[in-house]
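Heads up: the structure comes next, in structure tokens.
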2 protein chains.
Amino acid sequence: MGRTLRSPGHLALMATLKQARPDAGQTRTELAERLKRPQSFIAKYENGERRIDVVELIEIVAAAGTDPQRHRPDRPRC
Amino acid sequence: MGRTLRSPGHLALMATLKQARPDAGQTRTELAERLKRPQSFIAKYENGERRIDVVELIEIVAAAGTDPQRHRPDRPRC
DNA sequence: TGGGGAATATCCCATTTTGGGCTATTCCGT
DNA sequence: ACGGAATAGCCCAAAATGGGATATTCCCCA
């Protein structure tokens with residue numbers, strides 16, 4: 001197994017992302033569509049089978065945080 | 001070539017890291033030692049030949065930002 | 001209570017990327 | 001120019017990824 005996959009840091013990140021998506025009211029398929037990726041891509045990183053590079057994290061966060069139908073608290077100002 | 005390697009986002013990140021290390025007064029070998037990685041690891045990401053996952057970025061930033069010999073401005077408070 | 005559609009999980013494996021020791025090349029001070 | 005430090009590149013076995021397809025789990029409702 002690779003060097004960071006399955007490390008504590010990765011497990012934490014994976015857990016965060018795994019919770020953030022449903023919190024934002026999205027299914028894997030929906031998020032996958034926004035990211036123009038297959039559903040299995042989401043499944044992989046949410047299940048800790050794949051690393052996420054920095055650029056991808058930014059894209060994922062952006063795609064997961066944009067559901068206009070849903071209440072979200074104001075973005076913390078720091 | 002992979003999906004994000006060589007993308008604008010990656011080029012930008014690579015440029016940032018490539019500059020940050022000497023700014024912090026470190027050579028590749030020194031940084032590599034702190035990270036317990038070979039010098040070629042640093043060379044690869046600084047030259048855009050390898051992605052950096054999120055956990056690695058955190059480690060790199062931490063390792064590159066700790067040179068106590070060197071003046072650095074106060075960390076911005078937001 | 002079981003039928004069925006939605007959501008999530010897993011398979012498979014060709015293709016791509018990586019790890020890292022070692023060598024080569026470039027830089028620079030004297 | 002010489003010499004050492006720093007950076008760059010080579011090589012290829014081993015590891016990770018991509019993504020379509022399939023299987024499994026959930027859960028609502030008649």
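Numbered from 1 within each chain, the chains take letters A, B, ... in sequence-line order. Both backbone and side-chain heavy atoms feed into the values below; hydrogens, waters and symmetry mates do not.
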Checklist entry - Can you find a donor-acceptor N/O pair under 3.5 angstrom joining the side chain of Lys44(B) to the base of dG20(C)? => result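 Such a pair is found, so the answer is yes.
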Protein N or O to nucleotides 2-4 of chain D N or O, pairs below 3.5 Å:
none

So [X], base contact, sugar-phosphate only, or nothing? Heavy-atom distance under 4.0 Å.
X        : result
Gln39(A) : base
Thr27(A) : sugar-phosphate
Ala43(B) : nothing

Value in whole Å for how far the [atom2] atom of [N] lies from [atom1] of [X]:
X        : N       : atom1 : atom2 : result
Arg6(B)  : dT16(C) : CZ    : C1'   : 15 Å
Arg37(B) : dG21(C) : CZ    : C1'   : 15 Å
Asp53(A) : dT17(C) : CG    : P     : 12 Å
Glu30(A) : dT8(C)  : CD    : P     : 9 Å
Leu5(B)  : dT17(D) : CG    : P     : 14 Å
Glu56(B) : dT17(C) : CD    : P     : 16 Å
Arg51(A) : dT18(C) : CZ    : P     : 9 Å
Arg50(A) : dA15(D) : CZ    : P     : 19 Å

Next on the checklist: Which is more 5' along DNA chain D, the nucleotide nearest Asn47(B) or the one nearest Ile52(A)? Just name the residue.
Outcome noted: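 Checking each residue's closest nucleotide, the 5'-ward one belongs to Asn47(B).
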Checklist entry - Considering all heavy atoms of both residues, which atom of Glu59(B) and which atom of Leu35(B) are nearest to each other, and what is their separation? => result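 Glu59(B) and Leu35(B) have their closest heavy atoms at O-CD2, 3.6 Å.
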Could you go through residues 11-19 of chain B and list every donor-acceptor pair under 3.5 Å that involves a side-chain atom there, pairing it with any protein atom two or more places apart or in another chain?
{"from": "Thr16(B)", "atom 1": "OG1", "to": "Ala12(B)", "atom 2": "O", "distance (Å)": "3.0"}
{"from": "Lys18(B)", "atom 1": "NZ", "to": "Asn47(B)", "atom 2": "OD1", "distance (Å)": "3.1"}

Item to check | Any Arg21(B) side-chain nitrogen or oxygen under 4.0 Å from OP1 or OP2 of dT7(D) | outcome: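 So the side-chain polar atoms of Arg21(B) do come within 4.0 Å of the phosphate oxygens OP1 or OP2 of dT7(D), strictly under.
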Checklist entry - Of the nucleotides dT10(C), dG19(C), dT18(C), which one has an atom closest to the side chain of Glu49(A)? => result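 Taking heavy atoms from C-beta onward, the closest nucleotide is dT10(C).
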Checklist entry - Which pairs with one or both residues in residues 35-65 of chain A pass ring-ring contact (aromatic ring centres under 6.0 Å, His included), sequence neighbours excluded? => result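 Residue pairs with at least one partner in residues 35-65 of chain A: Phe41(A)-Tyr45(A).
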Checklist entry - Which pairs count as ring-ring contact (aromatic ring centres under 6.0 Å, His included) when at least one residue sits in residues 15-38 of chain B, sequence neighbours excluded? => result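 Checked against ring-ring contact (aromatic ring centres under 6.0 Å, His included) - neighbours excluded - no pair reaches residues 15-38 of chain B.
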Checklist entry - What is the distance from atom CZ of Arg50(A) to atom CG of Asp53(B), rounded to the nearest 0.5 Å? => result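 The CZ atom of Arg50(A) sits 10.0 Å away from the CG atom of Asp53(B).
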Next on the checklist: Are the side chains of Ile42(A) and Gln39(A) in contact, using a 4.5 Å heavy-atom criterion?
Outcome noted: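 Gln39(A) does not reach Ile42(A) side chain to side chain.
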Item to check | Sequence neighbours excluded, every pair satisfying salt bridge (Lys or Arg N to Asp or Glu O under 4.0 Å) that has a member inside residues 38-47 of chain B | outcome: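 Every salt bridge (Lys or Arg N to Asp or Glu O under 4.0 Å) pair that includes a residue of residues 38-47 of chain B, provided the two are not neighbours, is Arg21(B)-Glu46(B), Arg28(B)-Glu46(B).
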